[in-house]
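Note sheet for the following structure.
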Amino acid sequence: MNDTIDPRTRTAITMTVLVVLLLGAVVWGWTRLTAPIPAPELGGASSGVCTPRDYEAGATLTAADVVVNVYNASGRSGLAQETMTALTSRGFAAGNTGNAPEGSEVARVEIRASNIESTAVGILRANLGDPSW
């Protein structure tokens, strides 16, 4: 009795298995490609970044309550991350880091906020000195 499989049969089995795997990969890829894009939860409770909180009058606001984003508009590589490291070492909460949009011209440090008179901006200014507005 011969225990070997005919080469043609072995080839047919191998090709069948490969075709089944290929079809499975195509179906999986198609379902991923056509799946709805999940809505971003920026600022949502699950993101942990820029989650609005209410404080009672007279409550103490600290650097840990201030989330900062740092964007690099200079030609110096790694400056945004270096600055973020310095700010987090002073207790600030880390937000986003990266490069400023193409064409941004910033002569020195700028703080951009919807309310430059806020306590959070005041805490940041106290740690940065007097940046340009």
Side-chain angles (χ1 to χ4, degrees):
M1 183 170 198
N2 192 355
D3 289 337
T4 61
I5 298 176
D6 178 46
R8 289 183 184 192
T9 305
R10 186 177 337 150
T11 301
I13 292 170
T14 301
M15 292 303 293
T16 303
V17 168
L18 290 175
V19 167
V20 168
L21 288 174
L22 178 65
L23 288 174
V26 167
V27 168
W28 179 83
W30 183 254
T31 59
R32 296 294 181 246
L33 181 65
T34 59
I37 298 173
E41 295 186 26
L42 296 176
S46 64
S47 72
V49 176
C50 298
T51 303
R53 291 178 280 193
D54 293 323
Y55 290 90
E56 293 182 23
T60 303
L61 186 68
T62 66
D65 298 314
V66 180
V67 177
V68 292
N69 298 319
V70 179
Y71 298 101
N72 184 3
S74 75
R76 185 172 155 198
S77 179
L79 186 58
Q81 187 57 51
E82 184 180 319
T83 303
M84 181 63 78
T85 299
L87 289 170
T88 56
S89 72
R90 292 180 181 192
F92 288 93
N96 299 316
T97 59
N99 291 323
E102 189 69 32
S104 296
E105 292 186 28
V106 180
R108 54 189 180 151
V109 174
E110 287 185 2
I111 297 174
R112 297 184 181 183
S114 58
N115 178 5
I116 62 170
E117 300 299 323
S118 73
T119 304
V121 171
I123 293 171
L124 185 58
R125 281 187 77 185
N127 281 272
L128 292 177
D130 189 19
S132 127
W133 293 96

Query raised in the report: How does the hydrophobic cluster around Leu33 look, that is, which other residues are in it when side-chain heavy atoms under 4.5 Å mark a link?
Result: Trp30

Query raised in the report: So, Asn69 side chain and Asn96 main chain: donor-acceptor pair closer than 3.5 Å or not?
Result: yes

Query raised in the report: How many angstroms lie between atom CD1 of Ile13 and atom OG1 of Thr9, to the nearest 0.5 angstrom?
Result: 6.5 Å

Report summary line: Those residues at least two apart in sequence (or on a different chain) that pass side chain to side chain contact (heavy atoms under 4.5 Å, CB included) with Thr14 are Arg10, Leu18

**Report entry** Interatomic spacing from OG in Ser77 to CD in Glu82 - rounded to 0.5 Å
**Finding:** 10.5 Å

Requested in this report: Determine, step by step, whether Leu79 and Val70 satisfy the side chain to side chain contact (heavy atoms under 4.5 Å, CB included) criterion, reporting the C-alpha distance in whole Å, the side-chain angles of both residues, the deciding distance to 0.1 Å, and the verdict.
Outcome: CA-CA 9 Å; Leu79 186 58; Val70 179; over 6 Å; no

**Report entry** Point-to-point distance, once rounded to the nearest 0.5 Å, from CZ of Arg76 to OG1 of Thr83
**Finding:** 7.5 Å

Report summary line: Minimal heavy-atom distance between Gly95 and Val67, with the atoms involved, is CA-CG1, 3.7 Å

Report task. Specify the closest pair of heavy atoms between Met84 and Val68, including all atoms of both residues, with the distance to one decimal. Result -> CE-O, 3.2 Å

Query - Sole candidate of Val109, Thr119, Leu87 that passes side chain to side chain contact (heavy atoms under 4.5 Å, CB included) when paired with Leu124 - result: Leu87

Report task. Could you pull out the closest heavy-atom pair between Arg125 and Ile111, with the gap in Å? Result -> CG-CD1, 3.5 Å

Report summary line: When every non-hydrogen atom of Ala64 is compared with those of Ala93, the smallest separation belongs to O-CB, 3.9 Å

Report summary line: Shortest non-hydrogen pair, Asn72 vs Gly78, comes out as ND2-N, 4.4 Å

Requested in this report: Before giving the answer on side chain to side chain contact (heavy atoms under 4.5 Å, CB included), spell out for Tyr71 and Val106 the whole-Å C-alpha distance, their side-chain angles and the decisive distance to 0.1 Å.
Outcome: CA-CA 11 Å; Tyr71 298 101; Val106 180; over 6 Å; no

**Report entry** Heavy-atom pair of closest approach, residues Arg90 and Ala63
**Finding:** O-CB, 3.9 Å

**Report entry** Nearest-0.5 Å distance, OG1 of residue Thr16 to CG of residue Leu21
**Finding:** 11.0 Å

Report summary line: Excluding Val19, membership of its hydrophobic cluster (Ile, Leu, Val, Met, Phe, Trp, Tyr; side-chain heavy atoms within less than 4.5 Å) reads Leu23

